[in-house]
Amino acid sequence: MRPLSQAWREGTEKSGFMMVTYADLMKGTQYGAVVKPGDSFTSAMVMLVEGRAHPSLRMPHDKGEKPTQKEIDRVKAWIDAGAKDN
């Protein structure tokens, strides 16, 4: 989660989303949940990182290093397993 959490710290002012703690992650944004435990396909976090939302919303927003497919797959597996705090 660390590479994604670092990337997500930029540009969070509008949505109110912070990904510093597990509680922050599970709280989501003013627009709703970011993670749907057990369902990575419809979890906003995965949709944004994979670019399945509008291209302007792809995370991370900056030109920095994008998460690798292996990192994305780890996040998807964690979400599909229930997104537990462990």
Short side-chain to backbone donor-acceptor contact, Asp73 and Lys70, under 3.5 Å: no
Separation between CG of Asp85 and CG of Leu25, rounded to the nearest 0.5 Å: 9.5 Å
Close side-chain approach of Trp78 to Asn86, heavy-atom, < 4.5 Å: yes
Tyr22, OH atom: more than 12 neighbouring heavy atoms under 6.0 Å: yes
Val49 to Pro67 - nearest heavy-atom pair and separation: CG1-CG, 3.9 Å
Co-membership, hydrophobic cluster, residues Val46 and Met26, 4.5 Å side-chain: yes
Of all pairs that satisfy salt bridge (charged side-chain N to carboxylate O under 4.0 Å, His left out), the ones with a partner from residues 31-54, not counting sequence neighbours: Glu50-Arg52, Glu50-Lys76
Met45 backbone acceptor or donor facing Ser43 side chain under 3.5 Å: no
Non-hydrogen atoms of Ala33 and Ala44 that approach each other most closely: O-CB, 4.0 Å
Heavy-atom closest contact (Val35 atom, Ala83 atom, distance): CG1-CB, 3.8 Å
Minimum heavy-atom distance between Leu48 and Ala53, given as atom pair plus value: CD2-CB, 3.7 Å
